[in-house]
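Working notes, structure below.
Given the structure is predicted, the values throughout are model-derived calculations rather than measurements. Order of the sequence lines sets the chain letters (A, B, ...), proteins ahead of strands, with each chain counted from 1.
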Protein chains: 2
Amino acid sequence: MLSFVEENYLKAIYHLSGSGERIVSTNSLAEEMSTTPASVSDMVKKLSQKAVVDYRKYQGVNISEDGKKLALHVIRKHRLWEVFLVDKLRFNWDEVHEVAEQLEHIKSPLLIQRLDEFLGYPKYDPHGDPIPDEDGLFTEKKKVPLDNLSSGGKGIMVAVNDSSASFLKYLDKMEISIGSKIEVVEVIEFDGSMDIRIDDRKNLTISNTVAQNILISQ
Amino acid sequence: MLSFVEENYLKAIYHLSGSGERIVSTNSLAEEMSTTPASVSDMVKKLSQKAVVDYRKYQGVNISEDGKKLALHVIRKHRLWEVFLVDKLRFNWDEVHEVAEQLEHIKSPLLIQRLDEFLGYPKYDPHGDPIPDEDGLFTEKKKVPLDNLSSGGKGIMVAVNDSSASFLKYLDKMEISIGSKIEVVEVIEFDGSMDIRIDDRKNLTISNTVAQNILISQ
DNA sequence: TATTTTTTTTAGACAAAACTAAATATTACA
DNA sequence: TGTAATATTTAGTTTTGTCTAAAAAAAATA
Ligand SMILES: [Mn+2]
Ligand SMILES: [Mn+2]
Ligand SMILES: [Mn+2]
Ligand SMILES: [Mn+2]
């Protein structure tokens with residue numbers, strides 16, 4: 001049984017490793033966890049002891065198969081709670097993350113099974129991220145950042161790359177949301193900013209940074 | 001801001017003091033918390049520092065007004081989550097307590113406000129216990145233990161005194177639940193056991209211990 | 001009232017998770 | 001290849017909450 005803190009480390013390792021593809025360095029993990037490299041060194045030894053990561057001194061960590069399962073289970077809970085908060089409790093999509101960070105650590109298999117059922121077995125969370133099933137399996141939507149498109153390109157927004165409250169609130173203000181039809185009117189060559197058309201309804205200009213964080217399917 | 005552990009101590013103090021009426025001894029608190037008197041001594045000093053209890057060495061603790069507010073807030077969350085689990089996620093009333101013990105520590109005023117609204121502002125939890133409002137106010141139903149009645153006495157079951165899973169499962173098996181009409185057919189003088197009639201439908205015999213833990217309103 | 005029993009507190013340790021400072025290994029590059 | 005810069009680990013503390021053993025206070029009782 002992992003502690004809250006261990007679960008958070010594991011989630012961060014899973015994330016930084018690109019779902020377990022790459023090795024994760026002590027410093028990058030320290031940065032992600034807002035802690036010191038020394039603390040990370042201590043913790044990865046413990047996680048290694050528990051066989052959820054593979055660790056060799058000075059070489060960084062690799063998440064193990066067991067570790068991946070556990071990380072995906074925490075992610076599953078996080079995303080299901082986010083759906084609950086938005087669909088049932090009328091939270092805005094920028095208000096859910098902090099609360100889900102707490103709720104994801106509640107231990108009760110029955111609770112999660114019933115919550116999933118209550119929500120109608122959702123496949124995606126409010127930010128378009130896929131919800132793993134009990135076995136950690138999920139199907140990622142094929143999606144590209146909006147800034148990959150050139151003039152005339154179009155697609156449907158399916159997710160965001162950045163789930164920060166400030167970005168999500170910006171999208172709200174611009175009336176861009178998941179499901180919006182987006183068409184690229186013009187790409188400004190100078191700085192990569194874009195003129196786009198939303199839902200055949202209105203045009204607006206967004207920065208390249210914004211375009212990078214809007215994910216669409218074509 | 002109190003830690004999980006501090007919140008649990010405070011809840012126990014509130015409970016043992018009879019909603020703040022009586023002083024609570026170190027030993028009784030240790031027993032309630034399944035810990036040692038030494039640990040309790042340490043902890044009550046910290047709680048006293050935070051002004052949620054009034055503590056004098058060798059004299060035990062009294063919960064303060066601030067402490068009472070905080071305890072009632074945790075109790076409010078506990079009971080609201082229990083209602084959620086039973087009403088929305090189809091948990092049985094004997095399955096909710098452990099999960100609510102975890103959920104009661106989630107910190108988010110918006111979450112609890114919206115949960116309350118989502119549940120339709122319930123006044124009682126699945127065990128008949130009152131749910132305090134945001135200010136800690138609640139109205140306790142007038143209720144007496146079934147074993148207070150004599151032959152011919154009757155009433156409606158409104159709560160249980162013992163919320164243990166084993167007692168609740170026993171009540172399920174006997175088909176006794178909150179809302180049941182209970183009539184005392186006969187009190188066995190020898191051991192205080194009772195013949196009772198449920199919902200004008202069936203008779204059965206219960207021990208005095210069971211009768212003590214069924215609360216009815218007349 | 002003196003003594004025994006019970007309750008409570010203190011002292012000293014430990015485990016988890018963090019930190020700072022110092023030591024050491026690795027990597028970069030002159 | 002040797003040195004400098006960077007990354008990582010180790011050592012030593014701190015905080016929170018726990019424990020056991022010993023000391024001290026309060027309560028019970030002879
Ligand atoms: Mn999130
Ligand atoms: Mn999300
Ligand atoms: Mn309960
Ligand atoms: Mn209850």
From D:dC19, C:dT9, C:dA18, pick the nucleotide closest to the side chain of B:Thr36? D:dC19
Report the distance from atom CE of A:Met33 to atom P of C:dC19, rounded to the nearest whole Å. 10 Å
Phosphate-side-chain proximity, A:Lys57 and D:dT10, N/O vs OP1/OP2 below 4.0 Å: yes
Any B:Ser41 side-chain nitrogen or oxygen under 4.0 Å from OP1 or OP2 of C:dT9: yes
Whether B:Lys88 engages the ring of B:Phe118 as a cation-pi pair (distance to the six-membered ring centre under 6.0 angstrom, angle to the ring normal within 45°) should be assessed. yes
Just N and O in the side chain of B:Tyr55: are any of them under 4.0 Å from OP1 or OP2 of C:dT8? no
If we ignore hydrogens and angles and just use 3.5 Å, is the side chain of B:Arg79 paired with the main-chain N or O of B:Pro130 as donor and acceptor? yes
Looking only at side-chain atoms of B:Pro37, point me to the closest of C:dA18, D:dT8, C:dT9. C:dT9
Quick one: is A:Thr35 getting a side-chain N or O under 4.0 Å of the C:dA18 phosphate, OP1 or OP2? no
Counting only side-chain heavy atoms from C-beta out, which of C:dA18, C:dA21, D:dT20 sits nearest to B:Ala38? D:dT20
Kindly indicate, with the supporting measurements, whether the criterion side chain to side chain donor-acceptor pair (under 3.5 Å) is fulfilled by A:Trp93 and A:Asp172. CA-CA 9 Å; A:Trp93 66 342; A:Asp172 282 347; 3.1 Å; yes
Residue B:Glu31 excluded, over 12 heavy atoms near CD under 6.0 Å: no
DNA chain C: 5'-proximal contact among A:Gln59 and A:Ser3 (nearest heavy atom): A:Ser3
Euclidean distance, atom CG of residue B:Asp42 to atom C1' of D:dT15 [Å, nearest integer]: 13 Å
Send over the distance from A:Gln49 CD to C:dA16 P, rounded to a whole Å. 11 Å
Does C:dT6 have OP1 or OP2 under 4.0 Å away from a side-chain N or O of B:Tyr58? no
Round to the nearest Å and state the distance from A:Phe4 atom CZ to D:dT16 atom P. 18 Å
Atom CE of A:Met43 and atom C1' of C:dC19 are separated, to the nearest Å, by 14 Å
Ignoring backbone atoms, test whether B:Asn27 places a side-chain nitrogen or oxygen under 4.0 Å from the OP1 or OP2 oxygen of C:dT6. no
Whole-Å distance separating the CG atom of B:Leu47 from the P atom of D:dT16: 12 Å
Measuring to OP1 and OP2 of D:dT9, would you say a side-chain N or O of A:Thr26 lies under 4.0 angstrom away? yes
Applying side chain to side chain donor-acceptor pair (under 3.5 Å) to A:His78 and A:Asp125, what does each step give before you reach the verdict? CA-CA 9 Å; A:His78 182 105; A:Asp125 85 357; 5.8 Å; no
Considering every strand and a 4.0 Å limit on heavy-atom distances, what is the contact class for A:Tyr9: base, sugar-phosphate, or nothing? sugar-phosphate
Please determine whether a side-chain nitrogen or oxygen atom of B:Lys45 lies at a distance below 4.0 Å from atom OP1 or OP2 of C:dT10. yes
Rounded to the Å, how far apart are A:Ile23 CD1 and D:dT8 C1'? 13 Å
